[in-house]
Amino acid sequence: MKVIYLLLFLVCKFLFVKSSCSLKDGKIECTNEIERFELYNGTNVNVKMDTNGGKYYFNPLKFPYKNLLCDLNINFKFTPEIPSFPNIPTTGGEFEFTFNFPCNYRKNARKIYKETIALPLSFDTSKNQFVTYLDPGCGPLYFISEEVQILNTTFESGTIPNVPILDDDKGILTIQGSNLYNTSIKIYSNNIVKDTNPSGALDASHSSVTFSVEEFLTPNNWTIELSICGSFYKSYSYPYGLPVLTKMEGVLNDNGGNMVFIGNHLRPKHNVTGTLGNKTIECLTTNSSKSITCTIPSRKNYGSLGYDIPVTITIDGEYKSNTIKISYDLPLIQGVSQRGNSQIFDVTGVYFSGVENMTVITGKNLKTSITKKKTATLEEPGFFTQPGFMNLVVGDGGSETFTSPRYNFKITPTITAGQTFNSTTSGNDLEIKGAFMRTVDSDGKDVPLTVNSGSGGLVCNSLKDGDGLLFTCVQGPGFGSSHTMNVYYNLIPIGSFTVSYNPPYLSTSEQEKDGTIKMNGKDLGESVKDSIITAVYSDGNRVNGTVIKSSHTSITFRYPVGNRNTVSYIFQLG
């Protein structure tokens with residue numbers, strides 16, 4: 001922007017130096033050199049002037065302190081300018097900006113007008129910048145000073161990135177975005193002749209504006225025309241959603257009554273009707289689009305078992321909802337108890353009058369029927385394979401049935417008491433009997449089952465897919481009798497059984513070439529250190545031989561020192 005000079009010839013005084021100056025080719029031409037200027041902030045700065053032909057020249061537009069340079073005198077005035085201004089959100093606020101040639105010759109700041117209103121101005125001495133406050137607004141913005149337009153800018157434009165949210169339960173439209181000052185809407189619909197132009201509530205950050213409109217509370221196909229700062233922005237369509245039922249609250253007893261149904265788009269403009277099976281029911285409106293109350297007849301008046309009955313509603317005779325199913329007095333299991341370690345279970349609950357049978361669902365999806373009793377206790381004399389889920393299947397003897405919510409229950413695995421096993425010294429497979437013996441719980445999670453004695457454990461096969469009535473373990477090599485084997489299910493002891501190894505048996509003997517004697521038999525163990533051979537002479541004297549090799553079917557030993565021809569032998573294992 002060029003500097004305008006109102007007087008082409010004048011005499012100026014700068015720090016007691018008189019100089020005759022005039023305007024020439026956009027520069028100030030002076031007869032004498034000006035050494036220093038006093039600036040708006042009170043500081044003095046040196047002035048570097050060009051010289052040519054005895055004249056001195058000064059270009060104020062290139063002066064580095066022009067943001068602090070005041071008029072030279074009452075007649076020689078500079079034209080103020082604002083080279084740039086920060087972005088202006090519609091919220092307004094305080095803004096710092098550079099103001100070139102900001103003051104008159106008396107060092108008073110010039111006034112800046114927004115239209116005809118003078119802006120408040122202050123000066124930040126630490127930054128040498130001016131500060132002003134702008135009220136919230138939108139659209140074009142002009143600043144004028146000394147009857148000259150010194151700034152032509154605009155407030156930031158409003159933006160709405162997402163579709164406005166219509167809450168038809170509260171009748172509120174919420175618009176979210178930025179710089180939403182002076183946002184307005186027009187509402188159109190196919191059933192309303194007169195257009196609605198509501199006023200919105202703008203938040204302090206201008207990022208949200210809400211419109212509360214009664215028309216939104218009732219069914220219609222809405223078109224909303226949205227404008228920001230008086231200019232059309234965009235149109236949005238909100239087709240009326242059909243009524244939706246999701247669930248019935250509470251429990252429906254045999255007497256029926258007023259029941260609350262939850263869903264969406266349930267507020268009628270005129271009326272609402274309902275159906276229960278093939279019967280028409282009366283429904284009452286609430287002050288919400290998310291719930292409605294309907295009167296349900298008693299089970300006797302309904303005339304059927306009353307399970308999985310279809311329910312629909314119709315809004316204003318035009319908009320029909322989806323179908324949900326409701327039931328009278330749902331059977332509910334409240335407890336499952338095992339009778340000690342037996343395979344009989346008592347099941348207690350409520351609303352068991354229509355129970356025909358019960359199903360037990362396990363990890364293998366096995367089912368066991370449970371016959372009903374006249375009381376609220378059910379028994380199962382059969383067996384369950386593992387902890388599982390229990391469901392009631394309710395029927396009236398015909399085709400109509402209902403399944404209750406599942407009930408988790410636990411069963412204690414049990415080892416049949418008093419079990420004893422014999423084994424060869426080389427080991428045997430043992431089949432241990434019990435009930436509910438499976439190493440997987442009702443959710444398919446593995447549960448550890450271990451068998452051990454004081455001296456070690458057995459290796460058992462996987463019980464994950466068994467029938468729960470027995471499991472097989474491999475008894476390792478050993479000897480001795482009455483070994484107690486403890487069984488642990490999920491590290492909890494659940495029983496024990498006894499294992500005895502067969503006693504050793506000798507059958508034949510033979511002398512080897514090296515002079516040792518080999519005896520054959522069975523169940524002789526395979527432990528040299530635990531094998532003892534004793535020579536018994538005819539006079540009753542006994543001498544131990546030395547066992548040098550042992551297996552389950554034979555032992556080899558050195559003959560005791562002596563010259564007896566006849567001897568008997570005793571073999572001890574352990």
Side-chain angles (χ1 to χ4, degrees), residues 162-176 187 189-192 210-224 236-299 301-332 351 394 400-406:
N162 300 314
V163 175
I165 302 169
L166 177 60
D167 184 347
D168 60 0
D169 185 49
K170 299 179 180 179
I172 293 177
L173 179 75
T174 301
I175 299 170
Q176 295 177 329
I187 305 173
S189 70
N190 54 0
N191 291 334
I192 297 180
T210 57
F211 296 88
S212 180
V213 184
E214 183 179 353
E215 282 80 0
F216 289 154
L217 298 173
T218 55
N220 219 318
N221 294 314
W222 302 107
T223 298
I224 298 172
Y236 300 92
S237 296
Y238 295 88
Y240 173 69
L242 293 175
V244 175
L245 294 176
T246 56
K247 65 177 182 177
M248 179 188 70
E249 286 191 334
V251 175
L252 178 61
N253 60 43
D254 288 349
N255 296 324
N258 290 335
M259 305 302 295
V260 176
F261 291 85
I262 305 300
N264 288 298
H265 312 298
L266 303 180
R267 180 192 285 112
K269 186 173 183 180
H270 302 293
N271 57 69
V272 58
T273 57
T275 60
L276 177 72
N278 58 0
K279 294 182 178 295
T280 300
I281 57 176
E282 179 182 354
C283 294
L284 308 173
T285 61
T286 64
N287 192 30
S288 172
S289 66
K290 298 186 180 300
S291 66
I292 197 165
T293 300
C294 296
T295 303
I296 307 299
S298 66
R299 189 199 296 260
N301 290 335
Y302 177 67
S304 179
L305 177 65
Y307 293 101
D308 286 345
I309 311 170
V311 175
T312 63
I313 64 167
T314 302
I315 300 292
D316 294 333
E318 181 178 358
Y319 306 106
K320 186 176 181 180
S321 75
N322 60 311
T323 300
I324 64 171
K325 293 183 178 182
I326 65 173
S327 300
Y328 288 88
D329 288 345
L330 308 183
L332 181 66
Y351 309 131
V394 179
E400 189 172 358
T401 62
F402 172 79
T403 302
S404 76
R406 81 180 191 179

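Reckoned from all heavy atoms, side chains included, excluding hydrogens, waters and symmetry mates.
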Is there a side chain to side chain contact (heavy atoms under 4.5 Å, CB included) between Tyr238 and Ile187? Walk through the geometry before answering. CA-CA 11 Å; Tyr238 295 88; Ile187 305 173; over 6 Å; no
Please determine whether side chain to side chain contact (heavy atoms under 4.5 Å, CB included) holds for the pair Leu245 and Leu266, giving the CA-CA distance in whole Å, both sets of side-chain angles, and the decisive distance to 0.1 Å. CA-CA 8 Å; Leu245 294 176; Leu266 303 180; 4.2 Å; yes
When you look at Thr295 and Asn258, which way does the side chain to side chain donor-acceptor pair (under 3.5 Å) test go after all the steps? CA-CA 4 Å; Thr295 303; Asn258 290 335; 2.6 Å; yes
Lys320 and Thr312: CA distance, side-chain angles, deciding distance, side chain to side chain contact (heavy atoms under 4.5 Å, CB included) verdict: CA-CA 7 Å; Lys320 186 176 181 180; Thr312 63; 4.0 Å; yes
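- Put simply, the side chain of Met248 does not reach to within 4.5 Å of the side chain of Val260, judged on heavy atoms.
- Applying the side-chain contact (heavy atoms from CB on, under 4.5 Å) test between Tyr328 and each of Asn253, Asn255, Ile309 identifies Ile309 as the sole match.
- At a threshold of 4.5 Å between non-hydrogen side-chain atoms, the residues Pro297 and Leu276 count as touching.
- Separation of atoms NZ (Lys269) and CD1 (Ile315) is listed at 13.5 Å; rounding is to 0.5 Å.
- Counting heavy atoms from C-beta outward, Thr174 and Asp167 have side chains that stay 4.5 Å or more apart.
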Show your working on side chain to side chain contact (heavy atoms under 4.5 Å, CB included) between Trp222 and Leu173 and close with a plain yes or no. CA-CA 11 Å; Trp222 302 107; Leu173 179 75; over 6 Å; no
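- Ile175 has its side chain within reach of Phe211: a pair of non-hydrogen atoms, C-beta onward, lies under 4.5 Å apart.
- Atom NE2 in His265 sits 13.5 Å away from atom CD1 in Ile292 (nearest 0.5 Å).
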